[in-house]
**Q** 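Got a structure for you, questions after.
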Amino acid sequence: QVQLVESGGGSVQAGGSLRLVCATSGFPLSGYCMGWFRQVPGKELEGVAVIDRDGASTYADSVKGRFTISKDNAKNTLYLQMNTLKNEDTAKYYCGTDFALTPGPTRRWVGCAFRYWGQGTQVTVPS
């Protein structure tokens, strides 16, 4: 059974830092795209950062230089280090993978078709 569970969200003042953690099970991280997305109520899901199947990282322009995505294949865990947080980073953050057991709806971003998601973790940066 494929599972992704996010944690590490919270409320932090502007300029602060948070590290999001995505614990996974049921599939290997190696060889698959892993990514972080975020969503604000009433808006579309937005890609934040991805590690593709070759291990290369891509970031949304809005977070470049402030966020860092990483993973530990042995621990089956994905991370998102978020520094210099801004009010506009306030959103619910989701981790996703393009690992797929069966065909189904996907969300495409930077060449990956994300199939499974966690339940999300809220990040709030008050203005």
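Computed from a predicted model, the values in this text were never measured in an experiment.
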**Q** How long is the gap from CD on Glu6 to SG on Cys22, to the nearest 0.5 Å?
**A**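 Atom-to-atom, Glu6:CD and Cys22:SG are 5.0 Å apart.
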
**Q** Does a side-chain heavy-atom distance below 4.5 Å link Leu18 with Val123?
**A**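 The answer is yes, as the side chains (C-beta and beyond) meet within the 4.5 Å cut-off.
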
**Q** To the nearest 0.5 Å, tell me how far Thr84 OG1 sits from Met82 CE.
**A**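 Between Thr84 OG1 and Met82 CE, I get 11.5 Å after rounding to 0.5 Å.
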
**Q** How many angstroms lie between atom CG of Leu4 and atom SG of Cys95, to the nearest 0.5 angstrom?
**A**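 Here the rounded value is 4.5 Å.
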
**Q** Can you see which heavy atom on Gln122 is nearest to which on Thr90, and at what distance?
**A**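 Nearest pair, atom of Gln122 first, then Thr90: NE2-CG2, 4.1 Å.
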
**Q** For residues Val50 and Trp109, determine if any side-chain heavy atom of one lies less than 4.5 Å from a side-chain heavy atom of the other.
**A**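 Yes, close enough: below the 4.5 Å cut-off.
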
**Q** I'd like to check Val21 versus Tyr79 (side-chain heavy atoms, cut-off strictly below 4.5 Å). Are they in contact?
**A**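 Counting from C-beta outward, Val21 and Tyr79 do come under 4.5 Å.
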
**Q** Does Arg115 use its side chain to pair, donor to acceptor, with the backbone of Thr102 at less than 3.5 Å?
**A**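 Yes; at least one donor-acceptor contact below 3.5 Å.
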
**Q** Testing the 3.5 Å rule here: is there a donor-acceptor pair between the side chains of Thr77 and Asp72?
**A**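 No, no side-chain donor-acceptor pair sits under 3.5 Å.
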
**Q** Answer yes or no: is there a side-chain heavy-atom contact under 4.5 Å between Val5 and Gln119?
**A**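 Result yes, sub-4.5 Å side-chain heavy-atom pair found.
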
**Q** How close do Phe99 and Tyr116 get, counting heavy atoms only, and between which atoms?
**A**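 Smallest heavy-atom distance, with atoms named: O-CD1, 3.0 Å.
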
**Q** Return the OG to CG distance between Ser70 and Leu78, rounded to the nearest 0.5 Å.
**A**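 The distance works out to 7.0 Å.
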
**Q** Measuring from Gln13:CD to Ser127:OG, what's the distance to the nearest 0.5 Å?
**A**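 So the gap between those two atoms works out to 11.5 Å.
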
**Q** What do the steps show when you test Leu45 against Gln39 for side-chain contact (heavy atoms from CB on, under 4.5 Å), and what is the final call?
**A** CA-CA 5 Å; Leu45 194 65; Gln39 190 169 31; 3.8 Å; yes

**Q** Hydrophobic cluster membership, with links at side-chain heavy-atom distances under 4.5 Å among I/L/V/M/F/W/Y: are Tyr93 and Phe114 in one?
**A**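 No, Tyr93 does not connect to Phe114 through the hydrophobic network.
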
**Q** Find out if a path of hydrophobic residues (ILVMFWY) with successive side-chain heavy-atom gaps under 4.5 Å connects Leu101 to Leu29.
**A**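 Hydrophobic grouping puts Leu101 with Leu29.
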
**Q** Does Asn76 use its side chain to pair, donor to acceptor, with the backbone of Ser25 at less than 3.5 Å?
**A**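 Side chain of Asn76 to backbone of Ser25, a donor-acceptor pair under 3.5 Å: no, none is there.
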
**Q** How far does CD1 of Ile51 sit from CG of Leu80, to the nearest 0.5 angstrom?
**A**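 Here the rounded value is 9.5 Å.
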
**Q** For Ala113, does its backbone N or O pair with a side-chain atom of Thr106 as donor and acceptor, under 3.5 Å?
**A**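 Looks like no, no N/O pair under 3.5 Å.
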
**Q** Please walk me through it: do Leu20 and Trp36 pass side-chain contact (heavy atoms from CB on, under 4.5 Å)?
**A** CA-CA 9 Å; Leu20 304 185; Trp36 289 97; 3.6 Å; yes

**Q** Could you check, using the six-membered ring where one of them is a Trp, whether Tyr94 and Phe37 have ring centers closer than 6.0 angstrom?
**A**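 No.
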
**Q** Would you call Asp61-Lys64 a salt bridge at under 4.0 Å N-O?
**A**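 Salt bridge flag = yes for Lys64 with Asp61.
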
**Q** Do the non-hydrogen side-chain atoms of Thr24 and Thr97 ever get within less than 4.5 Å of each other?
**A**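 Answer no - side chains too far apart.
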
**Q** Can you tell if the side chain of Ile69 reaches within under 4.5 Å of the side chain of Tyr59, non-hydrogen atoms only?
**A**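 Side-chain contact under 4.5 Å: yes.
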
**Q** Looking at Ala60 and Gly47, what are the two nearest heavy atoms and their distance?
**A**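 The pair with the smallest heavy-atom distance is CB-O, 3.4 Å.
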
**Q** Would Val63 and Arg38 count as a side-chain contact (heavy atoms from CB on, under 4.5 Å) here? Give the steps.
**A** CA-CA 12 Å; Val63 306; Arg38 63 188 181 187; 3.9 Å; yes

**Q** Would you say the side-chain atoms of Asp98 pair up with the backbone N or O of Cys33, donor to acceptor, closer than 3.5 Å?
**A**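 Pair found, side chain donor or acceptor close to backbone of Cys33.
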
**Q** A side-chain contact here means heavy atoms from C-beta on lying under 4.5 Å apart; do Glu46 and Ser62 qualify?
**A**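 Counting from C-beta outward, Glu46 and Ser62 do come under 4.5 Å.
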
**Q** For residues Ser17 and Gln81, determine if any side-chain heavy atom of one lies less than 4.5 Å from a side-chain heavy atom of the other.
**A**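 Side chain of Ser17 against side chain of Gln81, heavy atoms only: contact under 4.5 Å found.
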
